[in-house]
Each structure stands twice: as structure tokens, then as C-alpha cells.
Enquirer: 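Sharing a structure, written as C-alpha cells. Questions coming.
From a predicted model like this one, the values you see are computed outputs, not experimental measurements. Labels below follow one simple rule: chain letters A, B, ... track the order of the sequence lines, proteins then strands, and each chain is numbered from 1.
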Number of protein chains: 2
Amino acid sequence: MLRLTKKADYGLMALKYLAEHPETPALSAKDVADAYGIPAQLLAKILQRLTKTGLLRSHAGMNGGYALARDPRQISAFEVIRAIDGPLFITSCTKGTKACELTPSCTIKEPLARVNETIAGVLKSISIQDLAEQEHAAGKAREAHGLVALTP
Amino acid sequence: MLRLTKKADYGLMALKYLAEHPETPALSAKDVADAYGIPAQLLAKILQRLTKTGLLRSHAGMNGGYALARDPRQISAFEVIRAIDGPLFITSCTKGTKACELTPSCTIKEPLARVNETIAGVLKSISIQDLAEQEHAAGKAREAHGLVALTP
DNA sequence: GAAAGCCCGACAGAATCGGTCGTATACTAA
DNA sequence: TTAGTATACGACCGATTCTGTCGGGCTTTC
Ligand code: FES
Ligand code: FES
């Protein structure tokens, strides 16, 4: 169906891991990478991007590393994915600046954009905290359904 | 965010077009392709796949072409996308047969699979008919929210 | 100052996607 | 019967995107 990039997956995993270790002041990219067995350098770049978008705080030097910039309840999966994968949309056309050349003829775009909004809404309703304690994630998502604005 | 392939987009457009012309017994791939200005041969292959999965009926020879196999209300966007893009999932891992090698360590997978279900539910609630008359699509999607089963 | 860490751009290999071509087959109409 | 129209299918290639690596530079702590 719809695929999330591995980078975004890694990013979510890392944030979840950070959320699970709130006592430590900071964890290095290598620490997290080793914990999950994912490429350290790649994860480092991902965490750097998350830092640049303000989701993480970084600290160089010995015993440095990354820490969540906010409460894990205040960070949504949506933000993470958007920060890493960029603002892509479900319609293969509406990608950033230039619109699809056959936009006028394609009448499918509009309803699908609405679907996109729904998905974004669900993703926004899931916080890193929810991932850390998986049990509540489902409930959270169900709640959010009423909140998603589908009507223009 | 999450991108739909162009092929799936084309497929939805074509089906919508067919739904809009219920009086004609069949429309050739070229007819539809010309109507939207998309590559004819590519669309042909897409329609062939949709035929093989039972969403369309094909008829060779003169005045042949494709027609919907069922009522447009009974064909969901989900079926179309699945037929074309295959059963991909939001987690980059769970792709078909072989699971991700780091599945045991990745605890993110489960909650995201639930998101995937939600998306599938929304997509299932949208029929080709809804696309043809865009107005009601939003309402349909909103309705469906209560129906999506998120709890295991 | 040296080691541990972050920062960042460039780049290569792999996979996927978009699209084309050629050929075989089926059906219809004249 | 024959010509024309259209589907069916597989192979193939160029373009794009994704994944991961390398290298050099900068900061902080010890
Ligand atoms: S393909 Fe571009 S608007 Fe749908
Ligand atoms: S990356 Fe494979 S299970 Fe999440």
C-alpha cells in the first residue's frame, strides 16, 4: 500500500528509544544505532535533521549526544515523518513546488487530498509517548477520528 | 508524506472515467488515455492488471475495450490501489513474504501497522462512485471513521 | 591537547518507478 | 477470408528515489 521510508522508521525508533530513557541526559547516535542494529552513520544524519527541525537537542563532546527537546507527549509521529521524509503527499503530483502537468484533467486529486488529510490527522494523534507504551496507541488513534476535519 | 504511485493514480482516474460513462458498453484504453493525456500503453497495462484482478471486464476486437465488472459503488479505492501497487504496507519492513531482519528489535512496527489499518479502512470506504461525484466523498470518509476497527 | 562526540555535504550502489517496444492473441466487420 | 481493431504479456531501459558510506570540520569535555 503506502510505504514509509526506512529513514523515517529509524527516526521513530530512535525517538522512542530516547523516550524510554528519560533519566539519561543524552544518548549518542552510536548508542541508539547499536541498540537496534541499524547503520550508525545513517542514524546520525537522521538525528541531525531532527535536531535542526527542533525535535531534538544535541550536545557535543564527551558524554554528549541527543535528547528529546520536548515532552514525548508533545512530539507527534507526523512531525517526525515530515521532518525526515519531507512534506510529501499521497497524490504523486502535488510534490512541493511544481504541480503535476495534467492537474486540470485529473479530477481524482481533490478527494485523495482529503484522504491525505485524514492520514495526517491520525499520524498527528500518535505521540512518541504512545509508541513507548504501545498499549494506548490504538485508543489514541480511535479518539482522533472525530477530530479530523474532512469537510472543507 | 505518503506517496501513491502514478500508476495507481492513473488507475483510479480511468475507473472514475468508466464510472462516468455507464451508457457505453466499453471504452478502449486509448480512449481513456487520450481523455486524460496519459501514456496509452502504460494505461493499457494498468487496465490489464485490473482486469486480471476482476475489477474490470475486457473485450477484444472492434468496439471492444474495458468496462467495470461491478457497480461503481462496490469498487473501493483500496482494491484498485492494492491491485496495482500490490499489498505494500506503511512499515518499510513488512513487505510481502520476507519480514525485516531487525523485526525483533523494532517495536515501532506494531503501532504503525495499526495506522496502516486505519488508512486501509479509509481507502476502503471510498468507492469509485464517490470519486465520480466528488461532493459526497468527504462525507463518506467521515462516516467510515466509526467503522474502522483499531482495537485488536 | 586529545578524545568523544556532533555537523554536513558529496557520492555511489541498489531498488523502485515510469514508460516504451515488440509480439502474440482475440474478436469484429466487411 | 481477410483486414483492422483491440487486448495480453513480457522484456527492457532511462529516471528517480532510497539507502548507506566516506571524508573532512567543528565543539565540548577531560
Ligand atoms: S496525476 Fe497529477 S493531478 Fe492526478
Ligand atoms: S524496520 Fe523492520 S520492523 Fe521496523
Enquirer: Roughly how many Å is it from CD1 in I84(B) to P in dG18(C), rounded to a whole number?
Expert: 11 Å
Enquirer: Output yes when E117(B) and K124(B) qualify as a salt bridge under the 4.0 Å nitrogen-oxygen rule, no when they do not.
Expert: no
Enquirer: Does any non-hydrogen side-chain atom of P39(B) lie less than 4.5 Å from one of Q41(B)?
Expert: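 When only atoms from C-beta onward are counted, P39(B) and Q41(B) do not touch, as no gap falls below 4.5 Å.
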Enquirer: For dC7(C) and S58(A) - does any side-chain N or O of the residue sit under 4.0 Å from the phosphate oxygens OP1/OP2?
Expert: yes
Enquirer: Go through residues 17-32 of chain A and report each residue with a non-hydrogen atom lying under 4.0 Å from DNA chain D, sorted by number.
Expert: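 Nucleic-acid contacts, sorted: none.
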Enquirer: Once ring-ring contact (aromatic ring centres under 6.0 Å, His included) is applied, do any residues pair with Y17(B), and if so which ones, sequence neighbours excluded?
Expert: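 Y17(B) satisfies ring-ring contact (aromatic ring centres under 6.0 Å, His included) with H21(B), Y36(B) once adjacent residues are dropped.
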Enquirer: With a cut-off of less than 4.0 Å, is there a side-chain N or O of H59(A) near OP1 or OP2 of dT29(D)?
Expert: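 Checking H59(A) against dT29(D): at least one side-chain N or O falls below 4.0 Å of OP1 or OP2.
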Enquirer: Could you tell me the separation between the CE atom of M62(B) and the C1' atom of dA6(D), rounded to a whole number of Å?
Expert: 9 Å
Enquirer: Compare all side-chain heavy atoms of I119(A) with those of L123(A) and state whether any distance is below 4.5 angstrom.
Expert: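 When only atoms from C-beta onward are counted, L123(A) and I119(A) do touch, with a gap below 4.5 Å.
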Enquirer: Please tell me if the side chains of E79(A) and L55(A) come closer than 4.5 Å, counting only heavy atoms from C-beta onward.
Expert: yes
Enquirer: Any side-chain heavy atom of L112(B) sitting closer than 4.5 Å to one from N116(B)?
Expert: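 Contact flag for L112(B)/N116(B) side chains = no.
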Enquirer: Establish, with yes or no, whether the OP1 or OP2 oxygen of dT17(D) is under 4.0 angstrom from a side-chain nitrogen or oxygen of T5(A).
Expert: no
Enquirer: I'd like to check V80(A) versus I128(A) (side-chain heavy atoms, cut-off strictly below 4.5 Å). Are they in contact?
Expert: yes
Enquirer: Using a 4.0 Å cut-off on heavy atoms, which residues in residues 39-52 of chain A reach DNA chain D? List them by number, or say none.
Expert: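 Here the set is P39(A), Q41(A), L42(A), K45(A).
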Enquirer: What is the distance, to the nearest angstrom, from the OH atom on Y66(B) to the C1' atom on dA26(C)?
Expert: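 The distance from OH of Y66(B) to C1' of dA26(C) comes to 12 Å, rounded to the nearest Å.
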Enquirer: Using whole Å, report how far CG of N63(A) lies from P of dC30(D).
Expert: 6 Å
Enquirer: Quick one: are L56(B) and L15(B) in side-chain contact, heavy atoms under 4.5 Å?
Expert: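 In short, these two side chains touch, coming nearer than 4.5 Å.
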Enquirer: Taking the side chain as every heavy atom from C-beta outward, state whether H59(B) and Y66(B) have any atom pair closer than 4.5 Å.
Expert: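 They are not in side-chain contact.
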Enquirer: Between C1' on dG18(C) and CZ on R3(B), what's the gap in Å once rounded to a whole number?
Expert: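 One finds 12 Å between C1' of dG18(C) and CZ of R3(B), rounded.
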Enquirer: Is any side-chain N or O of Y10(A) closer than 4.0 Å to OP1 or OP2 of dG20(D)?
Expert: yes
Enquirer: Between dA15(C) atom P and K6(A) atom NZ, what is the distance in whole Å?
Expert: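 From K6(A) NZ to dA15(C) P: 10 Å.
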